[in-house]
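Structure, as structure tokens:
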There are 2 protein chains.
Amino acid sequence: MTDPARGTTQRNGTTSPRYGNRPTMKDVAARAGVGLKTVSRVVNSEPGVTPDTERRVQEAITALGFRRNDSARILRKGRTASIGLVLEDLADPFYGPLSRAVEEVARDHGALLINGSSAEDPAREQELVLALCARRVDGLVVIPAGDDHRYLEPEISAGVATVFVDRPAGRIDCDAVLSDSFGGARDAVAHLIAHGHRRIGFIGDQPRIHTAIERLGGYRAAMNDAALPVDEAWMSLGATDPSRVLAAAETMLSGPEPVTALFAGNNRVTVTAVRVLAAQPGRAALVGFDDFELADLLSPGVTVVAQDAAQLGRTAATMLFRRLEGAGEEPRQVVLPTRLISRGSGEIRPAHWS
Amino acid sequence: MTDPARGTTQRNGTTSPRYGNRPTMKDVAARAGVGLKTVSRVVNSEPGVTPDTERRVQEAITALGFRRNDSARILRKGRTASIGLVLEDLADPFYGPLSRAVEEVARDHGALLINGSSAEDPAREQELVLALCARRVDGLVVIPAGDDHRYLEPEISAGVATVFVDRPAGRIDCDAVLSDSFGGARDAVAHLIAHGHRRIGFIGDQPRIHTAIERLGGYRAAMNDAALPVDEAWMSLGATDPSRVLAAAETMLSGPEPVTALFAGNNRVTVTAVRVLAAQPGRAALVGFDDFELADLLSPGVTVVAQDAAQLGRTAATMLFRRLEGAGEEPRQVVLPTRLISRGSGEIRPAHWS
DNA sequence: CCCGGATTTGACAACGTTGTCCAGAGGCTA
DNA sequence: TAGCCTCTGGACAACGTTGTCAAATCCGGG
């Protein structure tokens, strides 16, 4: 036995398929009584094969249950027709539609999608990205967890098309598709101010994350535009697990001068905030970043700054394939607008996003 | 030029990396002044290399930006360390956690996950599955759209470990992990009957889909157990897009003898039903199959039959890897229980699932 | 009936890696 | 110092496919 990783018995010259030892073009060729290359031609629908020969080959393929081994094909051709998507957590309702949109664009280009969750851990992000590069994916869509992506430089200059989404790349110059976090946050807080709120709290993601900082900036800008003071105690950045958010919200909502409104920095924070406020007697107002299902059916409805996750994914994937098709332009940054969907009580209820 | 698919210029004997023409172990070996196999040994941390030699190789690897080509490795070793997951729609909140759970188990086994959405189209399911087989994934987790999977027979007997989830395979004998749709549905409807309802409507997925039939069966069983008559007009199976569900619900809720309660066959139906009922003056009761975020904060809270999507995925992936590790047992079918979470007004509100 | 050109076919190398196996260097014992 | 053993390193084939190129075959026209 020459290779213990393969089937139970070594090849013995017959063409019968064996468990774990799939038939190859060579087997098909032998069975059809033709040359190896002729099988390849039939499999790839290349011209120059007589109908009679083709029939014989097709019969052999069916009889043996042959299926082309794409690993070998990929090795030979140099393109894998697959792209990688690294995001934070596939289970998060924000990333599902994004992922699906990327997949749809990939499909239009005949590519498969390899998916990985970084769990917001920079080391795991890097590990995943490099594993994908070793697989020689043609391109990468990355929602970064870390803030230093110099490790990607050799890959990119070796031709791996790369687009960052939701957050820009750190310390390298690279394509990116972002939402207007700053503008969206400013709109959200301005909305609260317009409704008479003066003491407004912001609960956001960890300060390591770009969008968290941008949204905090938008919050500050809106308060500043309205000449309102900002108390340090009104701003809380950190993990988005329910316990942390709950604690932060309760602190802001208690004390001698509690906030009268909360601005939640992303969908997970918003959901926890909804729960906290539902349990409070004198309900504070709430605006959340990211829309979510049934937000309009809660009472009161939750006003949100909506970003179109699917559009983010679609745009990124489209940029990626354009780059793969050869355009060697400078890296671009695309910023998509957000949309304030007002659902405060007494206001009209617009249709749910999408 | 021997191969136009590769870089802009043919290899010329130097070892410098070139755009689209990555360095190989051969290049590293030349630069480090060692043999090819020695580089392989260093890359794979195999024993039998002196520290000095190893250092020289490592330097060459770094200098050239070498990264092992896993396509070649896969071809040689016969295992891809990747599994495929074919589901209906990654954007559906039911599949996100499931997918994540599969990924997590795969990760524990050092495997990557290739993801594809069938869009509930049997042809697309087959196309995806076969594309994954051509990539020689080690295993497949399939949420089937079609009902005839004989096309998978050659693949399975060639060693592709396959587990079906949520719905059983059609016309082949194969591992499957299911939720107790029948029992869950019966519990749901029994719950409504216990609360005094006599005319109960069921809106479910297309009759082609196994779970839809099972849940309809559970509905019938519960009605039958209570000796209640069932009107044909109370049962509607079909696509789960909002317009169809809306029409079905409105028909059931109108007329001389409207239903007083609805049982929704899955999460998408439930969401639409919530909207319909919210717009109705005399609110009918609602129980839904599948739990959803914030179901408890709607008023009234929505009682659901919860299935643990993550647990489905985890179980399936675990079975898959066990099979890969060699156990050649008979195909097994695992049925996971569902859990009725009662949230009707006036009742206690248990914590949200998970 | 034979020649020229077009068409069909197959032998062979290459893609980049890993498994096998052998050669050479170095150390130890007798 | 011969003989043996261990350790390190490298040559080579193989994985299954596709691109190149040349050989074989066929056809019609002169």
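Hydrogens, waters and symmetry mates play no part in the numbers below; they use all other heavy atoms, side chains included.
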Inset, instruction - Please report, rounded to the nearest Å, how far the P atom of dG16(C) is from the CZ atom of Arg136(A). - result: 9 Å
Inset, instruction - Round to a whole Å and report the spacing from CZ of Phe66(A) to C1' of dT17(D). - result: 9 Å
Inset, instruction - State whether a side-chain donor-acceptor pair under 3.5 Å links His149(B) with Glu125(B). - result: yes
Legend entry - N/O donor-acceptor pair, side chain Lys37(B) with base dG19(C), under 3.5 angstrom: yes
Inset, instruction - With DNA chain D as reference, determine whether Arg73(A) or Pro51(B) sits nearer its 5' end, using the nearest nucleotide of each. - result: Pro51(B)
Legend entry - Heavy-atom side-chain contact between Met25(B) and Lys37(B) under 4.5 Å: no
Legend entry - Length of the CG-P vector between Leu36(A) and dT20(D), whole Å: 16 Å
Inset, instruction - Respond yes when some side-chain nitrogen or oxygen of Lys77(B) is under 4.0 Å from OP1 or OP2 of dA14(D), and no when none is. - result: no
Inset, instruction - Taking side-chain contact (heavy atoms from CB on, under 4.5 Å) as the test, write out the residues that go with Asp89(A), two or more places apart. - result: Ala91(A), Asp92(A), Arg100(B)
Inset, instruction - Say whether, by atom type as modelled, one donor and one acceptor occur between the side chain of Ser118(B) and the main chain of Gly116(B) under 3.5 angstrom. - result: no
Legend entry - Between C1' of dA14(D) and CE of Met25(B), the distance in whole Å: 16 Å
Legend entry - No-H, no-angle donor-acceptor pair, Arg76(B) side chain to dT17(C) base, under 3.5 Å: no
Inset, instruction - Would you mind reading off the distance between Ile74(A) atom CD1 and dC15(D) atom P, rounded to a whole angstrom? - result: 19 Å
Legend entry - d(CG, Leu75(A); C1', dT18(C)) in whole Å: 13 Å
Inset, instruction - Give the rounded distance in Å between these two atoms: NZ of Lys26(A) and P of dT18(D). - result: 16 Å
Inset, instruction - Specify the separation, in whole Å, of atom CZ of Arg67(A) and atom C1' of dG16(D). - result: 16 Å
Legend entry - By side-chain contact (heavy atoms from CB on, under 4.5 Å) - contacts of Asp52(B) (at least two apart): Arg55(B), Arg56(B)
Legend entry - Strand contacts (DNA chain D) in residues 38-46 of chain B, 4.0 angstrom heavy-atom criterion: Thr38(B), Arg41(B)
Legend entry - Sub-4.5 Å side-chain heavy-atom contact between Glu104(B) and Arg314(B): no
Legend entry - Nearest-neighbour nucleotide for the Val49(A) side chain, dG16(C), dT9(C), dG16(D) considered: dT9(C)
Legend entry - Phosphate contact (dC15(D) OP1 or OP2) by Ser71(A) side-chain N/O below 4.0 Å: no
Inset, instruction - May I ask you to decide whether Glu153(B) forms a salt bridge with Arg171(B), counting only side-chain N to carboxylate O separations under 4.0 Å? - result: no
Legend entry - Phosphate OP1/OP2 of dG9(D): any Thr50(B) side-chain N/O under 4.0 Å: yes
